[in-house]
J.: 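Pasting in a structure now, in C-alpha cells, and then I'll have a few things to ask.
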Amino acid sequence: MTSITTVNPATDEKLETYELMGEDEAFARIEASHMAFRDWRLKSHDERAPYLQAIAKGLRDNAEALSALMTHETGKLLRDGRMEVELCAQIFEYSANQGPKVLADEERTYEGGKKRGIVTHAPIGVIYSIQPWNFPIYQPVRVLAANLMAGNGVILKHASICTGSGLKLLEICREAGLPEGLFDVLVIDHDTSDRIIEHDLIRGVTMTGSDAAGRHIGQLASKNLKKTVLELGSNDAFLVLEDADIELAVKTCVMGRLFNNGETCVSAKRFVVTEAVYDAFVEGFVAQMKAVRIGDPTADETQLGPVSSKDQFDTLVEQVQESLDGGADLLCGGDPQDGPGQYYPATVLANCQPGTPAYDDELFGPVASIIKARDDEDAMRIANDSRYGLGGGIFTRDEDKAIRLARDHFDTGMVRINNFGAADPNMPFGGVKNSGYGREHGGFGMKEFTNAKAIFLP
C-alpha cells in the first residue's frame with residue numbers, strides 16, 4: 001500500500017487520496033520536532049500559554065469546516081462535530097490557564113526539614129501520539145494541549161480514515177503561530193509506526209484504541225524503555241438499581257448508548273438492570289431505541305448516523321450474530337438495510353450471555369446489551385465481571401449509596417451517577433485493567449510525560 005483513500009461512510013463516496021510517507025521522511029520530521037523542542041522547553045509555562053490560546057481561537061474560527069470534515073470522514077453527526085471542536089478549544093484554554101499552576105516548581109525539604117529541595121516537572125522530548133478515528137480532533141488534542149504546555153514536542157499518527165482531520169489540525173496550529181516542527185502529522189503505515197516507537201528521539205508513546213493494539217504498542221515501547229499512556233476502550237456497565245428513577249435512567253441510557261453513533265470508548269454499552277425494575281426499564285428503553293431517527297448525519301433531525309466504515313459495519317454484524325447464536329434475544333434493530341452508506345440501526349440485545357461479544361467485548365456502534373441482575377449486589381458483581389475498566393454508571397435515588405459503590409466497589413477509572421457524559425477538561429480521564437493506564441485531563445495529563453526532577457540545595 002502506497003496511499004490512503006478516505007471514504008464518506010454516509011454515501012460510500014471517495015473523498016481524498018494521501019500518499020504514504022517513507023521512513024526517511026518520517027524520521028526527518030521527528031528530528032525536526034526534537035530541534036523545535038530544544039527551544040520550546042526553555043520557554044516558561046506563561047510564555048507557552050498564549051500559543052495554546054491562539055490555537056483555541058483557531059479551532060473556533062474553523063469550527064464549521066472542521067465539523068463538516070469530521071462528518072464526511074467518519075459519519076458523526078454534524079452537531080456532535082461542533083460540540084467536539086468547542087470541547088477541544090476549551091481543553092487548550094484549560095491547559096493554558098491551569099498549566100502554569102499544575103506544572104509549577106514545588107518547594108520541598110529534606111534531611112528532616114533542615115535543608116531545602118525543589119521538585120521541577122521538566123519536559124522530556126518528543127511524544128509519539130497514536131490516535132483513533134471516533135473523535136478526529138478531540139483524540140489528538142487532549143494529548144497535544146497537555147504536552148505543549150509541559151514543554152514537549154508531539155508527533156501524531158492518526159487513524160487513516162480521518163487523515164484529513166489530522167492534517168487540518170496541523171494547519172490550524174501552524175496558522176496560530178506554533179513553532180514549525182514542534183507538532184507534526186505523519187501519514188504512514190503500521191510497520192513504519194513500529195519503527196518510530198523504536199526511534200531514539202521518541203521519549204514517550206501514548207495511544208488510544210483496542211486492547212489488542214495497546215498490548216502490541218505497549219510491549220514494543222516497553223522493550224525500548226519508553227513510557228506509555230494507553231486508553232484502550234471498554235464495555236462500560238450502567239447499573240439500574242432497585243430504587244432508580246426509571247424515566248431518567250431510560251432517557252440517559254439511550255443517550256449514552258447512541259452518543260457519537262455509539263462509537264465512544266466511555267459510552268454506556270452494558271445495561272445491568274435489577275430484577276425489581278427490569279420490565280419497566282426494558283419497555284421504556286426499547287420503545288425509545290425503536291423511535292430513533294437514523295439518516296443523513298448533516299441533517300438537524302437525525303439522531304443516528306452511519307458507523308465509521310465498512311470494516312466497522314461488518315464487525316458489528318458479526319458481533320451481533322455471535323451474540324444471538326450464544327443465547328441473546330433481539331428486542332429491536334439488528335436488521336441493517338443494504339447501502340449506500342454504513343447505516344446500522346439502533347439495536348437492543350437482552351439475555352446476553354458470558355462468552356459472547358455482547359457480554360464480554362466492546363460493541364463499537366449503536367448496539368445495547370441488557371443483562372438482568374437479581375439485586376443491587378449482583379448488579380455490581382456483573383458490572384465488574386469484565387476485562388475492561390474505563391467507565392460506568394449508577395442509577396439510584398440514594399446518592400450516598402451510589403458514591404459508596406463508585407468509590408469502593410466499581411473497578412473502573414470513571415463513574416457517572418444519574419448522568420452521562422464523555423469527558424471534561426477538569427476531571428481525570430482513563431481506566432484500569434485492559435482499558436489501559438495513565439490519565440489525561442484534570443491536570444494529570446500534563447505530568448504524564450514530564451521528569452519529576454529533584455533538586456537538592458545545600
Side-chain angles (χ1 to χ4, degrees), residues 1-6 16-34 36-37 69-70 73-74 88 125-148 152-174 178 181-222 224 226-233 265 308-309 311 436 438 440 448-449:
M1 184 176 68
T2 60
S3 63
I4 291 168
T5 298
T6 54
E16 298 287 344
T17 297
Y18 305 90
E19 294 300 315
L20 291 176
M21 298 174 183
E23 185 176 296
D24 289 346
E25 182 178 355
F27 282 10
R29 295 193 182 209
I30 294 170
E31 291 163 7
S33 184
H34 177 73
F37 154 75
L69 179 56
M70 288 191 288
E73 288 190 322
T74 69
C88 291
V126 180
I127 308 305
Y128 186 37
S129 175
I130 304 169
Q131 298 302 325
W133 44 261
N134 56 325
F135 291 93
I137 301 300
Y138 163 73
Q139 291 286 170
V141 157
R142 71 184 189 188
V143 173
L144 180 61
N147 280 285
L148 288 178
N152 294 320
V154 177
I155 293 289
L156 170 65
K157 180 200 177 299
H158 217 335
S160 60
I161 70 172
C162 59
T163 298
S165 296
L167 294 173
K168 183 65 175 177
L169 175 61
L170 175 62
E171 177 187 314
I172 290 170
C173 290
R174 286 177 172 169
L178 194 69
L182 187 64
F183 168 53
D184 213 336
V185 177
L186 305 183
V187 183
I188 55 175
D189 60 22
H190 292 297
D191 290 340
T192 303
S193 180
D194 282 353
R195 289 190 285 276
I196 286 170
I197 294 172
E198 298 172 323
H199 195 290
D200 286 344
L201 293 179
I202 294 295
R203 293 291 301 274
V205 181
T206 180
M207 174 262 188
T208 298
S210 70
D211 47 330
R215 188 172 288 109
H216 170 77
I217 288 166
Q219 288 174 346
L220 184 57
S222 177
N224 288 274
K226 310 287 179 74
K227 181 182 178 180
T228 51
V229 170
L230 302 176
E231 193 266 277
L232 305 178
C265 297
S308 63
S309 67
D311 285 346
E440 294 168 304
E448 284 286 2
F449 292 106

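The structure presented is a predicted model; accordingly, all values stated were derived computationally and were not measured.
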J.: Among all residues two or more places apart in sequence or in another chain, which pass the salt bridge (Lys or Arg N to Asp or Glu O under 4.0 Å) test with E198?
T.: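 Applying salt bridge (Lys or Arg N to Asp or Glu O under 4.0 Å) to E198 gives none.
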
J.: What's the shortest heavy-atom distance between T208 and C265, and which atoms?
T.: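 For T208 versus C265, the nearest heavy atoms are CG2-SG, 4.3 Å.
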
J.: Could you tell me the separation between the CZ atom of F183 and the CG atom of L148, rounded to the nearest 0.5 Å?
T.: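 Taking CZ in F183 and CG in L148, the distance rounds to 8.0 Å.
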
J.: Do I196 and F27 pass the side-chain contact (heavy atoms from CB on, under 4.5 Å) test, and can you show the C-alpha distance, the side-chain angles, and the key distance before you say yes or no?
T.: CA-CA 7 Å; I196 286 170; F27 282 10; 4.0 Å; yes

J.: With sequence neighbours excluded, what pairs up with E171 under the side chain to side chain donor-acceptor pair (under 3.5 Å) test?
T.: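 Partners of E171 under the side chain to side chain donor-acceptor pair (under 3.5 Å) test: K168.
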
J.: Quick check for you: to the nearest 0.5 Å, what is the distance between L178 atom CG and I172 atom CD1?
T.: 12.5 Å

J.: Evaluate the criterion side-chain contact (heavy atoms from CB on, under 4.5 Å) for residue pair I137 and S165; output intermediate values, then yes/no.
T.: CA-CA 7 Å; I137 301 300; S165 296; 4.1 Å; yes

J.: Compare every heavy atom of V126 with every heavy atom of I30, then report the nearest pair and how far apart it is.
T.: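 So the two residues come closest at O-CG2, 4.3 Å.
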
J.: Sequence neighbours left out, what pairs pass salt bridge (charged side-chain N to carboxylate O under 4.0 Å, His left out) with at least one residue falling in residues 200-215?
T.: D211-R387

J.: Looking at L232 and M207, what are the two nearest heavy atoms and their distance?
T.: CD2-SD, 3.6 Å

J.: Test your reading of the model: is there a side-chain donor-acceptor pair from E31 to the backbone of S33, 3.5 Å cut-off?
T.: no

J.: Which heavy-atom pair separates N152 from F37 by the least distance, and what is that distance?
T.: CA-CD1, 4.1 Å

J.: Could you grab the distance from atom OG1 of T228 to atom CD1 of I130, nearest 0.5 Å is fine?
T.: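 Interatomic distance, T228 OG1 to I130 CD1, rounded to 0.5 Å: 10.0 Å.
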
J.: Please report the closest heavy-atom contact between L156 and Q131, naming both atoms and the distance.
T.: CD1-CG, 3.8 Å

J.: Rounded at 0.5 Å granularity, tell me how far OG in S160 sits from CD1 in I4.
T.: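 That separation rounds to 5.0 Å.
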
J.: With side-chain contact (heavy atoms from CB on, under 4.5 Å) as the test, would you mind laying out the steps for D184 and I155 before giving the verdict?
T.: CA-CA 5 Å; D184 213 336; I155 293 289; 3.8 Å; yes

J.: Using a 3.5 Å distance criterion without hydrogens, assess whether the side chain of T6 forms a donor-acceptor pair with backbone atoms of E16.
T.: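 Pair found, side chain donor or acceptor close to backbone of E16.
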
J.: Might you work through the side-chain contact (heavy atoms from CB on, under 4.5 Å) test for T206 and E440, ending with a clear yes or no?
T.: CA-CA 10 Å; T206 180; E440 294 168 304; 4.2 Å; yes

J.: Can you tell me how far NZ of K157 sits from OG of S193, rounded to the nearest 0.5 angstrom?
T.: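 These two atoms lie 5.5 Å from each other.
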
J.: With a 3.5 Å distance limit and no angle check, can you tell me whether K226 reaches the backbone of H199 through a side-chain donor-acceptor pair?
T.: yes

J.: Hey, what do you get for CG (L170) to NE2 (H158), rounding to the nearest 0.5 Å?
T.: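 If I round to the nearest 0.5 Å, the distance is 11.5 Å.
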
J.: If I compare all heavy atoms of E73 with all of C162, which pair ends up nearest, and what's the gap?
T.: OE1-CA, 3.1 Å

J.: When you check the side-chain N and O atoms of T5 and T17, is any donor under 3.5 Å from an acceptor?
T.: yes

